[in-house]
Amino acid sequence: MLTYDVVVVGAGGAGMMAALSASENKNLKVACLSKIFPTRSHTGAAQGGINAAMGNRDNTDSPEKHFKDTVKGSDFLADQDAVEFFTKRMPEIIQELDYYGVPFSRDENGKVAQRPFGGASSPRTCYSADKTGHVILHSVYEQCLKNNVTFLDEWFLLSLVVEEDECHGLVAMDIKSGEIHAIKAKSVVIASGGFGRIYWNRTTNAFNMTGDGTAACFEAGIPVKDPEFVQFHPTGLASTGILLSEACRGEGGYLLNKDGERFMKKYAPDKMELAPRDLVSRSIEMEIKAGRGFGEGLEAYVLMDLRHLGEEKIMERLPQVRELALDFEGTDLMTEPVPIRPSCHYMMGGIHVINPETLETPVKGIHAAGECACVSLHGANRLGGNSVADVVLFGKYAGIGARKTAEQRTFKGDTLLTNKATEWHDKFHAMRQKEAGKSLVEIRNTMAGTMWDNVGIFRKKDEMVHALETIEQLIEDYKETFIGDAAVRYNMAFVNYVEIGNLLTLAKAVAMGAIAREESRGSHSREDFPERRDDEFLKHTLIYKEGDNYRLDHHPVSITSYTPEERVY
Amino acid sequence: MDKFIFQIQRFDGEKKWLQRYELPYEPGKTVLWALTTIKDDLDPTLNFTSACRHAICGSCGIKVNGHSFLSCKTSLDELVETFKTKTLTFEPMGNFDVVRDLVIDWKPKMEKMKKVNPWLSPANHGSKSNGFIQSKEEADAIAKPTDCILCGACASECNQLDVNDGSYLDPFIFNKAYRFLVDSRDNAPDARLKPVVENGLWKCLHCNECVTQCPKGIPLTDQIAYLRQRSMESGERNNQGARHAYAFHDDVRSKGRLNEMMLPVKTDGVVKTVTKKIPFAYRMIAKGKINPFHFPKKIDGIEGVRKIYSENEKERV
């Protein structure tokens with residue numbers, strides 16, 4: 001049986017930072033497992049930047065201000081102890097990344113350059129042109145190679161093996177060979193990313209953002225926290241949903257409706273386009289609903305205008321954005337405005353983490369960090385530039401936490417691990433033999449359409465109840481599906497089958513959480529409950545999976561410094 | 001009805017075959033659209049890799065009609081325009097081990113990449129707690145090389161890799177060596193230069209295919225030229241490539257033209273020339289390709305040539 005002291009699942013920013021920190025104890029065997037090759041991870045798609053109150057551009061900035069902005073941005077649902085821990089340590093993490101070779105853009109003093117971003121009271125977003133996530137991902141990967149971390153590339157997590165709230169390891173498939181392995185571990189870090197693919201193509205997320213780690217934790221008894229909070233990024237390309245960085249607005253891009261009006265003045269007169277994402281997304285949809293967008297139905301859009309920035313600034317700070325608009329929308333933003341519309345971008349909710357300093361979950365031996373986890377740093381709405389920050393910082397501390405856990409625990413659970421691996425082996429065999437059944441693609445597309453139409457940017461009860469019923473039916477249909485590929489080697493049809501199962505599992509939690517939260521807060525916007533209701537809902541949602549049943553519970557929000565107040569920009 | 005015909009190379013671990021698929025013609029679609037539509041609607045056994053679908057993760061490279069592209073950003077209409085046909089052949093990228101169908105294996109490439117120590121060796125003027133000070137100009141030097149997304153298109157196109165015994169470094173590995181060599185925060189130039197010289201730096205064929213197909217426009221052959229220059233400056237002159245370059249340099253400066261008779265001797269040394277090159281030279285003489293009695297004289301205007309050299313040397317100082 002494969003045996004490692006620490007196994008990290010996921011090789012994005014959080015996973016590799018965790019692996020890097022854990023590998024600092026040279027006596028520990030550390031493996032980092034990913035269903036794709038590490039540098040394909042979605043951290044690489046982050047364009048605009050990483051928030052840290054360095055004060056390089058504005059010396060009045062401070063971790064305290066970053067703390068306050070994040071709490072306000074979260075619509076007061078973030079856990080303030082976690083936010084404070086995070087904002088205090090971010091400046092040192094930037095220096096650490098610099099030391100790892102991240103090619104940050106620089107200011108005239110040779111310090112890391114910073115730019116303004118939505119919801120931030122100072123320009124504090126550090127960046128590398130518009131490829132910030134990409135360069136961080138590659139630099140951290142390089143450091144892991146330097147530290148001799150064992151990479152299990154193209155290995156796919158199937159189950160976590162947990163007994164009485166203790167984790168003994170996991171079962172995973174080596175996709176290239178098709179072999180299914182039990183892996184014994186003293187501690188596991190789940191850093192497997194978000195699950196925006198519940199909306200399938202109406203998302204900025206990569207194809208593989210299917211929440212495998214979140215679903216595995218959920219199945220293993222760890223609740224998912226705040227799943228109803230789904231962030232829609234305001235500036236997805238109209239035709240494909242592909243992301244155009246928030247840096248576009250940070251650098252001064254305007255949003256225009258059909259009448260050529262900068263409509264943000266109606267919704268956020270002070271911050272205009274630099275209001276937080278939830279607000280800007282809703283404003284765009286309101287304009288479209290009021291008939292002031294271009295096109296109709298799913299094809300509708302508004303414009304983002306960058307022409308006034310000038311060629312030089314666009315080429316220096318937004319070169320990739322320009323290429324994306326050219327390649328995927330056929331628009332040269334130096335000479336014409338680009339059609340945009342909100343697109344599902346980020347999951348604020350995820351694996352319930354109980355300690356922001358160790359990233360522990362309620363199950364002994366399992367830690368979680370990055371988008372798959374809910375610390376909760378982002379509460380009801382995440383600020384731009386806080387997610388890459390989240391992955392590197394909490395990834396690092398999850399690695400330290402997992403290292404300490406591994407130092408204290410012993411290997412156990414051989415029989416359990418073997419049994420679970422056999423179960424999956426049998427399932428793989430059975431699915432390879434099955435020749436007919438319900439269409440997996442149809443199940444996936446119905447799920448996505450239902451979620452987009454009924455549990456999207458604007459929500460109301462009867463529509464969401466309808467969505468929940470549809471998802472439950474799809475979960476039944478899924479039992480009757482087939483994969484259509486009998487091969488053992490690189491059977492992506494089987495991998496996709498498990499992924500869609502994970503998405504369905506999580507989509508149901510999203511719908512359930514959204515129905516129960518009868519208020520509007522952050523990204524969760526109820527037409528039937530337009531106000532925030534602190535008296536009833538200033539609390540986290542927890543959803544547990546017990547067999548086939550889901551149970552909803554609540555968890556208090558940690559409020560230390562800032563009492564909730566009305567959120568105006 | 002107007003349609004696309006795709007001939008896709010399949011591989012199951014043992015046997016290879018070409019499989020034909022048809023999709024109705026739709027304008028404005030990409031190669032990745034074709035692949036996902038085939039997998040979703042026609043054949044779930046077809047395998048390929050893709051993730052971000054906007055040219056930043058590097059996973060979806062394949063060969064179309066013999067040339068390597070990122071399938072997410074390559075438009076079918078453009079290919080149809082280029083190749084004047086709606087029948088397109090898809091194959092896995094070249095110079096990689098194929099796992100299944102269009103899926104290639106990156107593991108061996110990364111093992112090879114470790115030869116150039118592909119990580120920052122931090123210079124003394126920085127620290128983990130304070131980072132570095134780096135000027136805008138210094139940061140600009142690493143802007144282009146850090147655009148590399150490890151898609152492998154350059155390696156797939158590389159003609160030296162095609163014929164090499166396996167030691168030659170892939171263009172993206174040279175890029176990685178270059179990236180750290182020109183980073184003002186790095187202090188280990190030898191950790192980049194030594195391994196590139198030992199692993200085929202001088203074997204680049206200058207075919208420029210890598211540059212042509214790089215989806216990020218990274219000037220890979222310029223980087224290789226720079227690595228050669230730096231390697232010679234650092235004293236790595238006792239190798240075939242450097243001696244060959246110096247033989248050119250010295251001949252042109254002294255005579256204004258090459259002495260082709262002496263070029264092998266200067267490049268490979270007397271012993272190797274006598275044992276390996278003389279039979280070849282006989283054949284060349286027999287075919288009238290070289291004249292053993294030709295000793296080039298100085299060209300008219302050699303002073304002008306030398307002036308160019310000296311100006312150039314001044315500039316480099």
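Naming convention: chains lettered A, B, ... in sequence-line order (proteins, then strands); numbering from 1 in each chain. The structure displayed is predicted, hence computed values, not measured ones.
Heavy atoms closer than 4.5 Å to chain A are found in the side chain of B:Thr49, but not in its backbone. Of the atoms belonging to B:Thr146, heavy atoms from both backbone and side chain fall under 4.5 Å from chain A. Contact of B:Lys73 with chain A is made through backbone and side chain together, with heavy-atom distances under 4.5 Å. For chain B, no part of A:Leu237 is nearby; none of its heavy atoms comes within less than 4.5 Å. Of the atoms belonging to A:Phe37, it is side-chain heavy atoms, and not backbone ones, that fall under 4.5 Å from chain B. In this structure, chain B has a heavy atom under 4.5 Å from the backbone of A:Val102, while its side chain stays farther away. Contact of A:Phe328 with chain B is made through the side chain alone, with heavy-atom distances under 4.5 Å. For chain B, the nearby part of A:Leu324 is the side chain; its heavy atoms alone come within less than 4.5 Å. Looking at B:Arg53, the atoms closer than 4.5 Å to chain A (heavy atoms on both sides) sit in the backbone and in the side chain alike. Interface remark: B:Val99 contributes backbone and side-chain atoms alike to the contact with chain A (heavy atom separation under 4.5 Å). Residue A:Thr240 touches chain B through its backbone alone, counting heavy-atom pairs closer than 4.5 Å. For B:Leu46, no part lies under 4.5 angstrom from a heavy atom of chain A. With a 4.5 angstrom heavy-atom cutoff, B:Met110 touches chain A only via side-chain atoms. Contacts of B:Ser135 with chain A are made by backbone atoms alone, with heavy-atom separations under 4.5 Å and no side-chain atom involved. For chain B, no part of A:Ser439 is nearby; none of its heavy atoms comes within less than 4.5 Å. Only the side chain of B:Thr36 comes within contact range of chain A, with heavy atoms under 4.5 Å apart. With a threshold of 4.5 angstrom between heavy atoms, B:Asp40 approaches chain A through its backbone and through its side chain. Proximity to chain B is limited to the backbone of A:Phe104, based on heavy atoms less than 4.5 angstrom apart.
Residues B:Lys216 and A:Lys131 form no side-chain contact, since every pair of their non-hydrogen atoms from C-beta on lies 4.5 Å or further apart. Looking only at side-chain heavy atoms (C-beta outward), B:Ile56 and A:Gln47 stay at 4.5 Å or farther from each other. For the pair B:Lys107/A:Asp153, a side-chain contact is recorded, criterion being any heavy-atom separation below 4.5 Å from C-beta on. A heavy-atom distance below 4.5 Å is found between the side chains of A:Asn496 and B:Lys39.
With chain B as partner, the option from A:Ala113, A:Ala206, A:Gly133, A:Gly110 having the largest number of non-hydrogen pairs under 4.5 angstrom is A:Gly110. Here A:Gly484 is the residue among A:Pro91, A:Gly484, A:Ser105 with the most heavy-atom pairs under 4.5 Å with chain B. When A:Leu145, A:Val135, A:Leu440, A:Asn445 are compared by the number of non-hydrogen pairs under 4.5 Å with chain B, A:Leu145 comes out ahead. Ranking A:His134, A:Met492, A:Arg444, A:Glu96 against chain B, the residue ahead of the rest is A:His134, based on heavy-atom pairs under 4.5 Å.
Applying the salt bridge (charged side-chain N to carboxylate O under 4.0 Å, His left out) test to B:Asp12 and every residue at least two apart in sequence or in another chain returns B:Lys15.
Between the side chain of A:Asp98 and the main chain of B:Phe132, a donor-acceptor pair closer than 3.5 Å is present. Within the 3.5 Å criterion, the main-chain N or O of B:Cys57 finds a donor-acceptor partner in the side chain of A:Arg40. Remark: the backbone N or O of B:Ser121 is not paired with any side-chain donor or acceptor of A:Lys146 at under 3.5 angstrom.
Interatomic distance, CG of B:Leu150 versus OH of A:Tyr141, reported as 8.0 Å (0.5 Å rounding). In this structure, the separation between CD on B:Gln134 and CG on A:Asp107 is 11.5 Å, given to the nearest 0.5 Å. For the atom pair CZ of B:Arg100 and CG of A:Asn491, the computed distance is 6.0 Å after rounding to the nearest 0.5 Å. Within the model, atoms CE of A:Met209 and SG of B:Cys52 stand 11.5 Å from one another, a figure rounded to the nearest 0.5 Å. Taking CZ of A:Arg489 as the start and CZ of B:Phe11 as the end, the distance is 5.5 Å to the nearest 0.5 Å. In this structure, the separation between CH2 on B:Trp119 and OH on A:Tyr100 is 14.5 Å, given to the nearest 0.5 Å.
Between B:Asp97 and A:Lys176 there is no salt bridge, since no side-chain nitrogen of the basic residue lies less than 4.0 Å from a carboxylate oxygen of the acidic one. Using a cutoff of 4.0 Å between basic side-chain nitrogens and carboxylate oxygens, A:Glu142 and B:Lys176 are scored as salt-bridged.
In this structure, A:Gly101 and B:Arg179 approach most closely via the heavy-atom pair O-NH2, 2.7 Å. Closest approach of A:Lys111 to B:Ile133, counting heavy atoms only: CG-CD1, 3.9 Å.
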